Amino acid sequence: MYDYYICPHRHILCVDLKSFFASVSCILKGLDPKTTKLAVVGDTKSIGSVVLAATPELKKLGVRTGSRLFEIPNRRDIYIINPSMKTYLDYSSKITEVALQYTAPEDFHQYSIDEFFMDVTNSFHLFAASPYELAARLHREIHEETKVDSAIGIGENMLLSKLALDIEAKKMEGGIAEWRYHDVPEKLWPITPLKAFWGINRRSEVKLNERGIFNIGDLAHYNPAYLKRDFGIIGIDWHLHANGIDFSVIREKHEAHSPSIAKSQILMRDYTFEEVYVVLFEQIDEVAHRLRLAHRLARTVQFSVGTKDGEVFRKQHTIKEGTNNENEMMKIVWGHLRHIAEPHALYRTISVSLTNFIPDSARQVSLFEDMEKVLKEEALMKTVDELKVKYGQLAVMRALSRTDASTLKLREGLIAGHKR
DNA sequence: TCTGGGGTCCTAGGACCC
DNA sequence: TCTGGGGTCCTAGGACCC
């Protein structure tokens, strides 16, 4: 069906730092991540808190990412730790430095805090006889430098390297797996359930199962015209991916089509509509702050509130000129919510997202605005921004945030990684 | 069967313009 | 005035990733 001859034949490594948060937290305490039972949870003080990461030894006891704190067995040999994001970031960049010894920055792509791709097609021969040997060296060096264990997938394109990592390397002794096009029938096609495959989740799996597709081989042999008809261009991607094909190249950096700045929260208790106002304002303050640091104006603000019964009220609003002003955003958002949301319901979720950015140099003051007032407000926002950058998010806050509804202090505790 | 919070992308339908 | 086609923007909603 497809001609691998014309497909990319590169040497891509996909590296995953194993149980990253949990491993780093072990190392900080002088413990061995391989033998210690440790979980990093969102907040050790709240029993409903979720497990963000767990060491392999703890996973063996049934604790996994997403478990709740109260599900962790009450044992003396189990450590339960708050996250230290700053340290995780430091470790992540230290490891990135190690990786960058073996490839050019333009051939490197940080996929997330604990995962990255590197194209070593042009560089591996400088350091090793084969990509595999280079992977082994990198694996060893990451461990020597940081004590963090990794897993590495090697492939002829980014997708194959990622699949080699997820399906094989992560689970095997030694932690390195290599997949080439000729391995596709043997390695890819038996994969089942479908959601084990990158890019297919539970919902799509159900729809594919309805069509008699249960493993990746079924998908690879399905008529792509039908996939296109029923799933659009994603259907075509699935067909290519099921055959191990992916044309993305790290060097050809793709710019995000629709970047966004978002803040969302699940509340710790039921909130009345009036209390929602407080949290919403705090969230908008934060996203507007981040927006200004990025020197952008947002033209679109999306927002939603969800009740404890699962009903969601959402809307998006676009203003032609764009804004970075939290008061203006709040006026818009609350104006809509007053009309679309149920004022007597009890709420559990709130989210705000800014999109559709333009540079803030494009700011235009309308003829109807009071110039003096605008400048005053801008000066105030700038001062507040600077204080927040210098002294943290709690340095300046609204009087509203002194009410019981505020979630600010709680969140700051989470970010800092310890309770004040 | 899927935490919580931060992201990105796709599609369909309506409005509007040329 | 009517009809049709093409393009772009906006909104709602869905899906997936770490």
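In the text below, chain A, chain B and the rest are named by the order of the sequence lines, each starting its count at 1. Worth saying up front: this structure is predicted, and the values here are computed from it rather than measured. Hydrogens, waters and symmetry mates are skipped; everything else that's a heavy atom, side chains included, is used.
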Looking only at side-chain atoms of [X], point me to the closest of [options].
X: A:Arg290; options: C:dC18, B:dG5, B:dG7; answer: B:dG7
X: A:Thr318; options: C:dC18, C:dT11, C:dA15; answer: C:dT11
X: A:Asn201; options: B:dG5, C:dC16, C:dC10; answer: C:dC16
X: A:Lys315; options: B:dT11, C:dA15, C:dA12; answer: C:dA12
X: A:Tyr111; options: C:dC18, C:dT11, B:dC10; answer: C:dC18
X: A:Ser258; options: B:dG7, B:dT8, C:dC9; answer: B:dT8
X: A:Val50; options: B:dT3, C:dC18, B:dT11; answer: B:dT3
X: A:Leu52; options: B:dT3, C:dC10, B:dT8; answer: B:dT3

Applying side chain to side chain donor-acceptor pair (under 3.5 Å), which residue pairs with at least one partner in residues 216-229 of chain A are found, sequence neighbours left out? none
Tell me whether the side-chain N/O atoms of A:Ser204 come closer than 4.0 Å to OP1 or OP2 in C:dA15. no
Does A:Ser264 place a side-chain N or O at less than 4.0 Å from the phosphate oxygens OP1/OP2 of B:dG4? no
For the ring pair A:Trp334 and A:Phe273, is the centre-to-centre distance below 6.0 Å? yes
Starting from the C-alpha separation in whole Å, work towards a yes-or-no answer on side chain to side chain contact (heavy atoms under 4.5 Å, CB included) for A:Val301 and A:Lys315. CA-CA 9 Å; A:Val301 46; A:Lys315 204 165 164 50; over 6 Å; no
What stems show up for DNA chain C when you take Watson-Crick pairs (N1-N3 plus N6-O4 or O6-N4) and G-U wobbles (N1-O2, O6-N3), both under 3.5 Å, and require three or more consecutive pairs? B:5-18 with C:5-18
For DNA chain B, what residues of residues 58-69 of chain A have any heavy atom nearer than 4.0 Å? A:Thr65, A:Gly66, A:Arg68
Please classify the nucleic acid contact of A:Ile113 as base, sugar-phosphate, or nothing, using heavy-atom distances under 4.0 Å. nothing
What's the gap between C:dG13 and B:dG4 when it is taken at their P atoms, as a whole Å value? 22 Å
The answer to which of A:Arg314 and A:Arg299 contacts DNA chain C further toward the 5' end, by nearest nucleotide, is A:Arg299
Would you check if the side chain of A:Ser123 reaches a backbone N or O of A:Tyr102 as a donor-acceptor pair within less than 3.5 Å? yes
